[in-house]
2 protein chains.
Amino acid sequence: MTTRSGPATIAEVAAHAGVSPATVSRVMNGRFVGEPSVAERVRASARALDYHPNHLARSLALGRTGAVGLVVPDLANPAFQEVLSGLAKSAAEDGYRILVTDSAEHPEDEPELATEIRRRCDAVVLCAPRMRHDDLVTLAPTLDPLVLVNRPDVTVAAPSLSIDYGAGIAELARYMYESGHRRFAFLAGPEMSVSNALRLASLDRFASDHPDTTMVRIPSGVGIENGLAAADAVARADVTAALAYNDLVAVGLINGLAEHGIRVPEDISVAGFDDIPYARYMSPPLTTVAVPHTDLGVEAWDRMQTLLNSRRPAGQVVLTPRLEVRGSTDRLI
Amino acid sequence: MTTRSGPATIAEVAAHAGVSPATVSRVMNGRFVGEPSVAERVRASARALDYHPNHLARSLALGRTGAVGLVVPDLANPAFQEVLSGLAKSAAEDGYRILVTDSAEHPEDEPELATEIRRRCDAVVLCAPRMRHDDLVTLAPTLDPLVLVNRPDVTVAAPSLSIDYGAGIAELARYMYESGHRRFAFLAGPEMSVSNALRLASLDRFASDHPDTTMVRIPSGVGIENGLAAADAVARADVTAALAYNDLVAVGLINGLAEHGIRVPEDISVAGFDDIPYARYMSPPLTTVAVPHTDLGVEAWDRMQTLLNSRRPAGQVVLTPRLEVRGSTDRLI
DNA sequence: ACCTCGTGAGAAAGCGGTTTCTCCGTTAGT
DNA sequence: ACTAACGGAGAAACCGCTTTCTCACGAGGT
């Protein structure tokens, strides 16, 4: 009588029930079509031995793992955390798990990361806003099934979910214009960021459509500290409204302006972007553009789902942000 | 000439190089000790066929997947996101990936989730502050290697990383006491939450150590809306200081009090717990207790690492939060 | 010249399932 | 009564890689 070491295997269940492994497999997967008594015996044996199919072995035989990889630039970034949250919840409903990894904000590492993680699972959701276009084009076909998040790219066959940052900031600018503002500052995000480029392009268009406005571009960044650092430049810029790259920058800016004795919104209007949960509760409450990051994850799974069922999902989906007017901006007229 | 379908297999590389699969395997894993020319030929073939070992097959043969599961109650919760972030980054340095799942705040589902995810990977990091103790005791042995986060439990053999919430709130209470406050309100979190229980126990001890204080307990919750809802009760409670279960509750409370025309900190001092990134930038800046959630993830990986190398790590590690005094609390003396 | 030992590399047996293919026994049809 | 069809279940191949075991060959010792 040998003492069994690890968990029970299908062979042991088969022996215990006096049937073949094939039969056990069929019973376990609901593909069994014979004597009900046999099935019952197998089930009893499985229960007795506390048998659970080895997931790895199943995956190997089946050719699918039931997991999907998610690659993001930085897991510490709330925006990507929201994407993950939405994605993981939706995926879980279909019995899929998410394998996560981040590139520590090194876009050049992302192709390798994505490739590596792809080998461990059935598909990849790639969130690579800063990856070089060439890299993306060569990488994408090797990742299939692939869903792109926040990286609209018609060159690539993969479905893509993204936020229309341009439309969002345009709506904000239009609102500010209608409120009487003419002299704007834009606190720009990272040079290489696609979403920053979209904002810039949109604001350029806005400026040329409205020749009576000025738009000062101030290099900033993505964090509170970058907003703080930009306060000086904004104070000097002789503007009535500052549009920050995101809410964190806006928070920093408002605090930095306070140190200069500049009040928001009385002396200058400040708007953010993203609508982080706390934006509504700051004082003054932050006017911002609500970006549905969680929806991005949810919709990404929707596309992935159809992809995994080898149907062709809609190619490019663009979610539109929503303007949230609050107390940090003033109407001049 | 048959057209190859999927990616190259080890057998194909072997055929191409004119060697056996065993040799290819050894070369790929650096265990080859023969003619260097053979190794070079294998490497050339691998390159020519763009061969990459099938991760699943390797895992099955090796008995290890290079992935670790993380179970949390809610991926949308910033605290758990920070744990994930710290964990994923540390794990990545050792070549491990993280498979995440959340229980949608259903503690009763967590045993099954953890068991399921454990079958897909080499170990589990379990973050289950609300799981029933009995469940944990029966579950833990089946999950080994296991690291517990935020769930100190000497009954269970697994190493555990946690925050000393009791010490944190005690330090806050002591500071407030020294500032002259005597009448306190505590906005309690979820009934079943261990971390809430720790805060309560600590405050009870504080109250009995300081008979000249009163401590009103007000049921609240974990979100901004719960803080808002509690404002009324706090306003009625005739206290000089309110300690919120966490920063979100504090944010809600401050906003709710403002609606009652009650100023913070002039009329009542409010303190939070967690030190979320925005706490410092609110107005008034929030006095709070900084909780190192990211470190929790980092340290969890440290323990996991020693566990995976089958050494015995320190059993129970407790991280101490740090008091952050800011503008939302006033000294009365 | 013969035997032993060391070395390089292949054959084959797993890892733990799934699935095709095959076989055997029973039932129905004429 | 004989055969065709069918249904139930097992044998074996396979998924792709690792690793032990085995073997052939050449070198060195006596």
Side-chain angles (χ1 to χ4, degrees), chain A residues 2 4-46 49-67 95 116 118-122, chain B residues 2 4-46 49-67 95 116 118-122:
Chain A
T2 56
R4 287 268 318 107
S5 46
T9 70
I10 197 171
E12 290 162 1
V13 176
H16 186 275
V19 299
S20 76
T23 299
V24 177
S25 173
R26 288 191 268 251
V27 171
M28 297 303 291
N29 293 294
R31 300 204 198 305
F32 183 79
V33 285
E35 285 286 315
S37 68
V38 173
E40 201 35 65
R41 212 165 67 234
V42 168
R43 267 188 279 272
S45 297
L49 301 180
D50 190 32
Y51 170 70
H52 296 273
N54 177 311
H55 196 267
L56 238 42
R58 276 199 97 219
S59 297
L60 180 60
L62 251 31
R64 30 167 253 101
T65 65
E116 193 273 344
R118 175 64 180 84
R119 280 198 204 98
R120 304 181 169 222
C121 48
D122 302 339
Chain B
T2 57
R4 289 267 316 106
S5 45
T9 70
I10 198 170
E12 290 161 3
V13 176
H16 187 275
V19 299
S20 77
T23 298
V24 176
S25 173
R26 289 191 267 252
V27 170
M28 297 303 290
N29 293 294
R31 300 203 197 306
F32 183 79
V33 287
E35 284 286 316
S37 67
V38 173
E40 200 34 67
R41 211 166 68 233
V42 169
R43 267 188 280 272
S45 296
L49 300 181
D50 191 32
Y51 170 70
H52 296 274
N54 178 311
H55 196 269
L56 238 43
R58 273 199 101 223
S59 298
L60 181 59
L62 251 31
R64 28 167 254 102
T65 65
E116 195 272 343
R118 175 64 181 83
R119 279 196 206 101
R120 303 181 170 223
C121 47
D122 302 339

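Heavy atoms only: backbone and side chains are in, while hydrogens, waters and symmetry mates are out. So that the names make sense, note that chain A is the first sequence line, chain B the second, and so on, each numbered from 1.
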Legend entry - Atom-to-atom span, CG of B:Leu56 to P of D:dG16 - whole angstrom: 10 Å
Legend entry - Minimal non-hydrogen separation, B:Tyr51 against B:Thr9, with atom names: CE1-C, 3.6 Å
Inset, instruction - Tell me which of A:Gly18 and B:Asn54 sits closer to the 5' end of DNA chain D, going by the nucleotide each one is nearest to. - result: A:Gly18
Legend entry - Nearest-angstrom distance from the residue atom CZ of B:Arg31 to C1' of D:dC17: 13 Å
Inset, instruction - Measure across B:Ala17 and B:Val42 and return the closest heavy-atom pair with its distance rounded to 0.1 Å. - result: CB-CA, 4.1 Å
Inset, instruction - Grab the CZ-C1' distance between A:Phe32 and D:dG10 for me, whole Å please. - result: 11 Å
Legend entry - Approximate separation, where rounding is to 0.5 Å, of B:His16 NE2 and B:Leu49 CG: 5.0 Å
Inset, instruction - Measure from CD on B:Glu12 to P on D:dC15 and round the result to the nearest Å. - result: 10 Å
Inset, instruction - Would you kindly give the CZ-to-C1' distance between B:Arg120 and C:dG16, to the nearest whole Å? - result: 16 Å
Just distance, no hydrogens or angles: give the donor-acceptor pairs under 3.5 Å from side chains in residues 23-33 of chain B, sequence neighbours left out.
unit_1  : atom_1 : unit_2  : atom_2 : d
B:Thr23 : OG1    : B:Ser20 : OG     : 3.4
B:Asn29 : OD1    : B:Arg58 : NH2    : 2.7
B:Asn29 : ND2    : B:Ser25 : O      : 2.8

Inset, instruction - State, to 0.1 Å, how close A:Thr65 and A:Ser59 come at their nearest heavy-atom pair, and which atoms those are. - result: CA-OG, 3.6 Å
Inset, instruction - Take the protein atom CZ of A:Arg64 and the nucleotide atom C1' of C:dT18, then report the distance between them rounded to whole Å. - result: 12 Å
Inset, instruction - Report which part of the nucleic acid A:Leu60 touches: base, sugar-phosphate, or nothing (heavy-atom distance under 4.0 Å, all strands). - result: base
Legend entry - Interface residues of residues 21-30 of chain A with DNA chain C (non-hydrogen, below 4.0 angstrom): A:Ala22, A:Ser25, A:Arg26, A:Asn29
Legend entry - Nearest-0.5 Å distance that lies between atom NE2 in A:His55 and atom CZ in B:Arg119: 9.5 Å
Inset, instruction - Kindly write out the residues that satisfy salt bridge (Lys or Arg N to Asp or Glu O under 4.0 Å) with B:Glu40, not counting sequence neighbours, or none if the list is empty. - result: B:Arg43, B:Arg47
Inset, instruction - Rounded off to whole Å, could you give me the CZ-to-P distance for the B:Arg119 and C:dG17 pair? - result: 11 Å
Legend entry - Minimum-distance nucleotide (side-chain atoms of A:Glu35 versus D:dT19, D:dG10, D:dG8): D:dG8
Inset, instruction - Name the residue closer to the 5' end of DNA chain C, choosing between B:Ser20 and B:Ala61 according to the nucleotide with the nearest heavy atom. - result: B:Ser20
Inset, instruction - Ignoring the backbone of A:Leu62, work out which of C:dG14, D:dA9, C:dT18 is nearest its side chain. - result: C:dT18
Inset, instruction - Could you pull out all residues at least two apart from A:Asn54 that satisfy side chain to side chain donor-acceptor pair (under 3.5 Å)? - result: none
Legend entry - Side chain of A:Ile10 - closest among C:dT18, D:dT19, C:dC15: C:dT18
Inset, instruction - Could you check which of C:dG16, D:dA9, D:dC17 has an atom nearest any side-chain atom of B:Arg58? - result: D:dC17
Legend entry - Relative orientation of the end axes in the helix from C:dA1-D:dT30 to C:dT30-D:dA1, expressed as an angle to the nearest 10° (five pairs per end): 60°
Inset, instruction - Please name all residues satisfying salt bridge (Lys or Arg N to Asp or Glu O under 4.0 Å) with A:Arg41, sequence neighbours left out, ordered by chain then number. - result: none
